[in-house]
Number of protein chains: 2
Amino acid sequence: MSTTAHKSTCSSCNLAELCLPIGLTAPEMQRLDELGIQKRSFLRSDYLYRSGDKFRSLFAINNGSFKTQVLHEDGREQVTGFQMTGEIIGLDAISTDVHACEAVAMESGMVCELPFNKLETLSRDIPSLQRHLHKIMSREIVRDQGIMLLLGSMRAEERLAAFLLNLSQRYATRGLSPTRFHLRMSRQEIGSYLGLKLETVSRAFSHFQEAGIIIVKVRAIEIINLADLKACINSSC
Amino acid sequence: MSTTAHKSTCSSCNLAELCLPIGLTAPEMQRLDELGIQKRSFLRSDYLYRSGDKFRSLFAINNGSFKTQVLHEDGREQVTGFQMTGEIIGLDAISTDVHACEAVAMESGMVCELPFNKLETLSRDIPSLQRHLHKIMSREIVRDQGIMLLLGSMRAEERLAAFLLNLSQRYATRGLSPTRFHLRMSRQEIGSYLGLKLETVSRAFSHFQEAGIIIVKVRAIEIINLADLKACINSSC
DNA sequence: AAAATGGTTTGATGTATGTCAAAATATATA
DNA sequence: TATATATTTTGACATACATCAAACCATTTT
């Protein structure tokens with residue numbers, strides 16, 4: 001973890017709302033305190049964990065955003081996801097007790113640290129928590145399958161359209177505008193995520209703009225026509 | 001599920017060994033019977049489940065092998081994995097209670113059906129089972145990240161090399177030869193998995209053979225030089 | 001405010017992989 | 001065994017994306 005981040009105990013943090021949105025009873029809510037959840041702040045480009053780090057906790061993003069990436073010996077790196085408020089990261093580490101990827105902050109914010117062995121213990125007592133944990137892990141698997149489909153069988157502009165629509169939908173879920181948002185990541189990072197070079201990403205943005213589908217002002221995106229953007233994914237654009 | 005598959009109760013199937021290789025005590029083993037596990041046979045090209053099917057069970061492959069694939073509206077399909085003996089499939093469905101992909105048998109064999117709600121209940125009582133279930137799900141996430149790296153940043157021959165090495169390693173784990181094996185999947189299926197066209201896969205096989213790294217007789221593969229094959233992944237081949 | 005830095009856009013050109021097609025080979029069916 | 005069908009291989013050619021390079025723009029530093 002970054003050296004600068006400061007900690008504070010957080011017995012009544014907005015965890016239940018943000019991180020674990022499940023119907024817990026009042027006494028069950030209290031038991032969440034057993035987790036000894038700590039809230040931590042982080043700054044842009046802080047590492048939340050690195051590949052190879054011993055696994056102790058999952059992290060629920062309170063606010064701010066991360067990218068996760070896997071590294072290859074030869075230096076290649078692949079962005080595997082962009083995570084935002086309310087999402088849980090670190091699931092890959094459960095498998096081997098060691099983090100398989102690294103999480104880098106794209107902007108400053110806060111996380112709740114969820115000690116995993118305590119979470120496991122508690123989820124044996126609270127079935128709805130257990131169920132929720134399973135769903136979160138399964139959702140990650142489904143998300144990954146979607147990325148495989150994207151990387152394995154879509155062309156550049158289809159990938160970018162799918163990416164923008166995914167962001168749009170996630171912003172909407174958070175009560176933010178689904179049509180106007182600010183990208184937290186660079187063209188290079190988008191390219192890594194989508195299996196493209198940054199120039200290709202930039203050209204695809206420009207093309208969407210020329211087609212009147214979106215307006216791009218560097219990182220500020222406005223989607224003019226959501227339907228057209230969706231149509232792009234079906235090859236026709 | 002395929003109509004032809006026949007069922008049989010399976011209280012003392014080799015589940016603990018094959019599917020859930022964890023250190024259970026004798027009484028815990030007995031409790032696995034509570035799951036009411038059924039063994040089912042399947043034939044080549046049977047569907048174990050289809051996209052959209054209601055989720056009830058995970059499946060542990062007793063013997064035989066499957067491919068899993070996700071479908072896109074426009075008919076595109078992407079193979080997301082090839083599963084063999086001892087592996088568990090269906091994890092993606094936990095998220096929404098509906099199967100997100102489909103599993104098609106590549107050869108006939110047997111599966112153990114593991115009713116998921118019973119598995120959840122039981123895993124609350126048996127911590128080692130709970131832990132194992134979590135590890136299985138997390139392992140799937142790590143596997144998926146590896147495929148993203150492959151699809152997002154490797155070239156055709158690197159992808160095929162990585163694929164062959166993965167198969168080699170999995171056969172070795174099962175006590176089979178890591179250097180001589182028979183592919184259960186077509187060039188087209190390999191191509192879908194690796195984000196390539198079948199012709200490209202075929203050419204990459206031919207090139208490896210010309211380079212003296214492997215011998216290919218259609219689906220029969222012999223790896224002559226594992227080290228060279230590994231070297232291929234680092235761009236140099 | 002000027003200079004420096006890092007990210008983005010755009011153009012010209014190269015290349016890995018896709019597409020189309022035909023032959024070769026394997027597998028299934030009669 | 002002969003015939004039909006599906007899969008694989010190989011070649012010729014097309015194309016989407018990568019690469020290289022320069023200009024542009026935004027942000028930070030001095």
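Quick note on labels: first sequence line is chain A, next is B, and so on, each numbered from 1. The figures here come from the full heavy-atom set of this structure, side chains too, leaving out hydrogens, waters and symmetry mates.
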Where does the angle between the aromatic ring planes of Phe55(A) and His99(A) fall among parallel (under 30°), tilted (30 to 60°) and perpendicular (over 60°)? perpendicular

Check whether more than 12 heavy atoms from other residues, nucleotides or ligands sit under 6.0 Å from atom NZ of Lys197(A), and answer yes or no. no

Less than 4.0 Å between a side-chain N and a carboxylate O, is that true for Arg50(B) and Glu102(B)? no

Can you tell which of Arg56(A), Gln38(A), Arg40(A) makes a side chain to side chain donor-acceptor pair (under 3.5 Å) with Glu113(A)? Arg40(A)

Mind checking whether Phe42(B) and Phe66(B) have parallel, tilted or perpendicular rings, split at 30° and 60°? tilted

Taking protein heavy atoms under 4.0 Å as touching, what does nucleotides 3-17 of chain D look like 5' to 3' if B marks base contact, S marks sugar-phosphate-only contact and - marks none? ----SSBBBB----S

